[in-house]
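All values derive from a computational prediction rather than experimental measurement.
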Amino acid sequence: MRAPKNPRARKPRRRRARLVDYPRHGRRGLRRWLPSWRQGLGGIAFLVGSLCCLFAFVYASVDIPDENAAARREANVYYWADGTQMVSTGEVNRQNVRLSEIPDAVENAVIAAENDTFYSDSGVSPKGLVRAAVNMVRGQETQGGSTITQQYVKNTYLSQDQTVTRKVKEFVIALKVDRKKSKQEILQGYLNTSWFGRGAYGIEAAAHAYYGIPARQLNPSQGAALAALLKGAEQYDPSVSAVNHHRSEARWQWILDRQVKAGLMKPEVREKFTTYPEPHKESRTTSLGGQTGYLVDVANKYIKQHTSLTDKDLARGGYKIHTTFDKGKVQRLKGAVERVLDRDIDPKKRAADKGVQVGAASVRPSDGAIVALYGGADATRHFTNNADTSGVPVGSAFKPFVLASALENGIRTSGGKSGGKQASGKGGASVEPSVGRDAPWQAVSTGSFYDDNGFLQGSGVPTPGGSSSDITSTAGRATAGPDSTHPTLRQALAKGGNATYVRLGKDVGWERVRRTAVASGLLEDSMARLERTFPVGTSTPSAIRMAGAYGTFANRGLQHDPYSVTKVAKDDETVEAEGLTRPGARRALDPDVADEAATAMRGVGTSSVHRPVVAGRTGDQDRLRSAWFTATTEELSTAVTMFRTSPDKPQLLPMSGVGGASSQHGNVFPVRIWRDYVKGQES
C-alpha cells in the first residue's frame, strides 16, 4: 500500500521556454555557446532580411540627382576655315558628341577595356561595392570594379570623393539610371565625361589632344590606345615617360586582344594592328597664347555684334564656332612680322625702338572674309589687339579715298594757293569751308594737277550729274604741264604730295570724302574731325577695316564688310543662322572710278611684286606717329601698321629714329613685312 503524499512537499518548478535558447540550455562547455543549425539559419535569414530592408530604404530615399556643374560644363571650340580645330576655351576642355559620331570600333575598345558585360548587366557590380568596403576597412582607396554605368553616374551626378557613402549612392543611382536610360545614352554620356589626361574630358577632346583629329576619324588602333587611358591617364599617357609608354603599349595590345575574346572584333581585323599608334606630343589646345587669343577675340566680337549671344552665353560653353581664319596665312603673317622685328628693331641698341607695336590683317576682297591677322606678340601678355584697334592715324594711306571721291564727285574750286581759311563751328570745332559755291563743277582725272594759282589742270571728262559745259576752262592760267613742283594726282599719291591732297580734299568737300571712305568700308566712328588735315589721314581705322576698304578698289567698287565667323552651332543645331548670314555686296564706287583709282595706286612701294597690286602707304611727308602700308590684289588685301606705345603714356610715341636714321620714320618696315608675307604666299 502506497504512502500518502505530503501536502507540504514542494512541487518541482517547470523551466520557462526562452525566445532564443542562447546560451543553449542543457549544454556544457563549448557546446553551450555554439548555435544550433536552426539558430544559424535564423540568424542568416534575419541578417539578409535586415539588409534587404535597409537596401529598400536606401533605394527609396536616394533619387537620381541633377547633373553636377562639371558634367554640364563644356568648352567653346573654334575651328579654322578648313574645319580643323583651332582652339578650345573654357574651364573644362570638353566637347560633347553624339554616339553616332563615335566609330563602333572605339566604343568596342572602351567596352572591352572597362566593362565587357555592359550590354547585359544591370549597371552595377556588387563585387565592386564589397571590394570598396574591404579596402576602406584596410585603409586603402575604395575605388575599383565599377561598371561603365557606375563610372558614368560618378562623372555626371556625384563627386570624385573616394568614400563608402559615395560608393553606395553610386551603386543605387546606377541601378535607377540603368532602368531609366538606354545603354546607348549611358555609353554616350560616359564617353563625353571621362577623363583622358592632357586636360581633355571626353572622347572628342581626347581625339584632338592625342591625335589632332575629331573622334569620328579615329581608327580601331587609336581607339584602343585612348581606351587604355581610362585606367589612369597619368600612368598611361605614353609621352610622360618610357615606363608610361611601355605600360600604355601593353594595355593597348591587351584591349585589342580582349575585343577578339569578347567577340567585338574579328581576328583578321586584329591582325592588321601590330604597330602602336604613337600620339602627338602634348600640346594643350586650350591655350590662348600667341595669335590664338586675338583670333578668338575677333570671332567673339563678330558673334556678339551679329547675334543675340552675350559674353555670359559664351561663357557657358558648348558652342562650335567656325571661323574664316586660314591657319597657313596666320602663321606666315606672324613669321613675316617676327622676322622684320628681330632683324631691324633692337630696343637694347636704340631707345627709339622701345615700345614698337605691329598690327596687320588680311581680308579676301571677293567676300570680306578675314583670313589672317597679327594682333601683337602674345595675347596673354599684350592684351590689346593691334589688328582691331582704333587710335592709330592712318596717314597717307587714306589718300586713295580722297582720290576716289574726287573722281566720283568732281571738284568745285575758285582757285587760290592758300586753299582758303579754315572755318570754325561752335566750341571751336572745324566745319567744312565754302569752296566756291558759284563755281561750276570740274571733272577730275588721275592726270590732273594744280597750277601755280591753285586751279586744277588736266581735266576733260564731265562728272556724274554735270555736263561738258560745266567744265571750267583753265587755259592760260597755269604752267605748261605737271613737273616736280606740280605733280599729278597720281604722282602725288605715290610720292607724298600732302599739299596736293589737302587742297584736293577741300575742293571735293570733306564730307564727300568721308562718305566715300565709309562707303568703301571704314567705320564712321573711326573718322577724324573734318578739318584741313583730314584728307591726309588723321582718321584712325583698324588694320582689318583698312584691308577690307582697299579690297573695294580691287573688287571694282563693290564693298564687303569684313567677317570672321561662318557658323555657330550648339548641340548640332546652328545658332541664329540668319544673324550670321553675310549681306550681299554694296556698290560703294562706280566701277570706272574704282578702276582708275586702282590704276593710280599700283606701284606704290610694290616694285618687287610681279603682279597687279593696289597699294597705299605713309611717306616722308607724314609726321604722324605711325607707319602704314596697305596693298590688295583680287585675291588678298592686307594692311600693316607700326606704332610705338608706353604703358605710362596714353598717347602714341614718336616714330622718328625707329630702326635707325634711314628708316624714314619707320615707314619702310610695314612694306618689308608685307613683301615677306606675300613671298610666303607665293612660295
**Q.** Salt-bridge criterion met for K301 and D297 (N-O under 4.0 Å)
**A.** yes
Q: Decide yes or no for K506 and V502: does some side-chain heavy atom of the first lie under 4.5 Å from some side-chain heavy atom of the second?
A: no
Q.
Are there over 12 heavy-atom neighbours, none belonging to K354, within less than 6.0 Å of that residue's NZ?
A. no
Q. Going by heavy atoms in the side chains, are H322 and V565 under 4.5 Å from each other?
A. no
(Q) Looking at L522, is its backbone amide N or carbonyl O close enough to the side chain of R545 to form a donor-acceptor pair, meaning the two atoms are under 3.5 Å apart? (A) no
Q: Any chance you could lay out the side-chain contact (heavy atoms from CB on, under 4.5 Å) test for R532 and T538, step after step, and finish with the verdict?
A: CA-CA 10 Å; R532 182 176 179 275; T538 53; over 6 Å; no
Q | L589 versus F553, closest heavy-atom pair with distance | A | CD1-CE2, 3.7 Å
Q: Give a yes or no answer on whether the side chain of T323 reaches the backbone of Y79 with a donor-acceptor pair at less than 3.5 Å.
A: yes
Q | Mutual orientation of the aromatic rings belonging to F401 and F398 [parallel < 30°, tilted 30-60°, perpendicular > 60°] | A | tilted
Q. Quick one: are the ring centres of W510 and F534 less than 6.0 Å apart?
A. no
Q.
Test your reading of the model: is there a side-chain donor-acceptor pair from N386 to the backbone of V358, 3.5 Å cut-off?
A. yes
Q) According to the side chain to side chain donor-acceptor pair (under 3.5 Å) rule, which pairs have a member within residues 391-404, sequence neighbours left out? A) S396-K399, S396-N498, S396-D622, K399-N498
(Q) Is the positively charged end of K334 above the ring of Y374, judged by distance under 6.0 angstrom from the centroid and angle within 45° of the axis? (A) no
Q: Please say which of Y550, F629, W628 ends up in a ring pair (Phe, Tyr, Trp, His ring centres under 6.0 Å) with W674.
A: F629
Q. Less than 4.0 Å between a side-chain N and a carboxylate O, is that true for D342 and R339?
A. no
Q: Supply the atom-to-atom distance D592 CG to L407 CG, rounded to the nearest 0.5 angstrom.
A: 10.5 Å
Q. Does any non-hydrogen side-chain atom of S564 lie less than 4.5 Å from one of V298?
A. yes
(Q) Looking at Y501 and L489, would you say the former's side chain and the latter's main chain have a donor-acceptor pair under 3.5 Å? (A) yes
Q: Would you indicate whether the side-chain heavy atoms of M601 and L493 approach each other to under 4.5 Å?
A: yes
Q) Between CZ of F449 and NE2 of H486, what distance do you get to the nearest 0.5 Å? A) 7.5 Å
Q. With distance as the sole criterion, is a donor-acceptor pair present between the side chains of T310 and D313 under 3.5 Å?
A. yes
Q: List the steps, then state whether side-chain contact (heavy atoms from CB on, under 4.5 Å) holds for T630 with R617.
A: CA-CA 6 Å; T630 305; R617 60 176 294 185; over 6 Å; no
Q: Supply the atom-to-atom distance T292 OG1 to Y78 OH, rounded to the nearest 0.5 angstrom.
A: 11.5 Å
(Q) If we ignore hydrogens and angles and just use 3.5 Å, is the side chain of T599 paired with the main-chain N or O of D595 as donor and acceptor? (A) yes
(Q) Can a donor-acceptor pair be found, under 3.5 Å and without considering hydrogens, that links the side chain of H560 to the backbone of P562? (A) no
Q) Salt bridge or not for K349 and D346, using N-O below 4.0 Å? A) no
Q.
My understanding is that only residues two or more places apart in sequence, or in another chain, count here; which of them pass salt bridge (Lys or Arg N to Asp or Glu O under 4.0 Å) with D311?
A. K304
Q: Would you sort out whether T566 and T324 count as a side-chain contact (heavy atoms from CB on, under 4.5 Å), showing the intermediate values?
A: CA-CA 7 Å; T566 58; T324 60; 3.7 Å; yes
Q: For residues L580 and Y302, determine if any side-chain heavy atom of one lies less than 4.5 Å from a side-chain heavy atom of the other.
A: yes
Q. Within 45° of the ring axis of Y677 and under 6.0 Å from its six-membered ring centre, is that where the NZ or CZ of R332 lies?
A. no
Q: Would you check if E524 and R514 make a side-chain contact, meaning some heavy-atom pair closer than 4.5 Å?
A: yes
Q | Residue list, salt bridge (Lys or Arg N to Asp or Glu O under 4.0 Å) with D378, at least two apart or on another chain | A | R381
Q) If you measure from OG on S88 to CD1 on I321, what distance do you get to the nearest 0.5 Å? A) 11.5 Å
(Q) With salt bridge (charged side-chain N to carboxylate O under 4.0 Å, His left out) as the criterion, how do R364 and D367 come out once you've worked through the C-alpha distance, each side chain's angles and the decisive distance to 0.1 Å? (A) CA-CA 6 Å; R364 196 162 56 218; D367 64 354; 2.8 Å; yes
Q. Do T638 and S362 have side-chain N/O donor and acceptor atoms under 3.5 Å apart?
A. yes
Q. Which atoms form the tightest heavy-atom contact between A543 and A639, and what is the distance?
A. O-CB, 3.4 Å
**Q.** Closest approach of G395 to T618 (non-hydrogen atoms, all atoms of both residues)
**A.** CA-CG2, 3.9 Å
Q) In Å, rounded to the nearest 0.5 Å, how long is the span from OG of S526 to CE of M546? A) 9.5 Å
Q. So do V340 and I673 actually touch side chain to side chain, heavy atoms under 4.5 Å?
A. yes
Q) Are R582 and D561 close enough for a salt bridge, meaning some N to O gap below 4.0 Å? A) no
Q) Any side-chain donor-acceptor pair under 3.5 Å between N409 and S405? A) yes
Q. Is R512 paired with E408 through a side-chain N to carboxylate O contact shorter than 4.0 Å?
A. no
Q: Would you name the heavy atoms of S539 and A528 that are closest together and state the gap between them?
A: OG-N, 2.9 Å
Q. Distance-only, no hydrogens or angles: does the Q442 side chain make a donor-acceptor pair with backbone N or O of L456 under 3.5 Å?
A. yes
Q) Considering only heavy atoms from C-beta outward, does the side chain of L403 approach that of T446 to under 4.5 Å? A) yes
Q | Where R625 and L652 come nearest, the two heavy atoms and their spacing | A | NH1-O, 2.7 Å
**Q.** side-chain hydrogen bond (donor to acceptor under 3.5 Å, both in side chains) evaluation trace for S308 with E576
**A.** CA-CA 8 Å; S308 63; E576 300 192 47; 2.4 Å; yes
**Q.** From Y319 atom OH to L314 atom CG, the distance as rounded to the nearest 0.5 Å
**A.** 6.5 Å
Q. Within the side chain of T84, is there an N or O that forms a donor-acceptor pair under 3.5 Å with the backbone of W80?
A. no
Q) Taking it one step at a time, do T552 and N555 satisfy side-chain contact (heavy atoms from CB on, under 4.5 Å)? A) CA-CA 5 Å; T552 302; N555 207 30; 5.7 Å; no
(Q) Tell me if a side-chain donor or acceptor on Q291 pairs with a main-chain N or O of G375 at a distance below 3.5 Å. (A) yes
Q: Return the minimal non-hydrogen interatomic distance between A631 and V613, and the atom names on each side.
A: CB-CG1, 3.7 Å
Q) Okay, side chain of D353, backbone of I345: is any donor-acceptor separation there less than 3.5 Å? A) no
Q. Are D507 and R503 close enough for a salt bridge, meaning some N to O gap below 4.0 Å?
A. yes
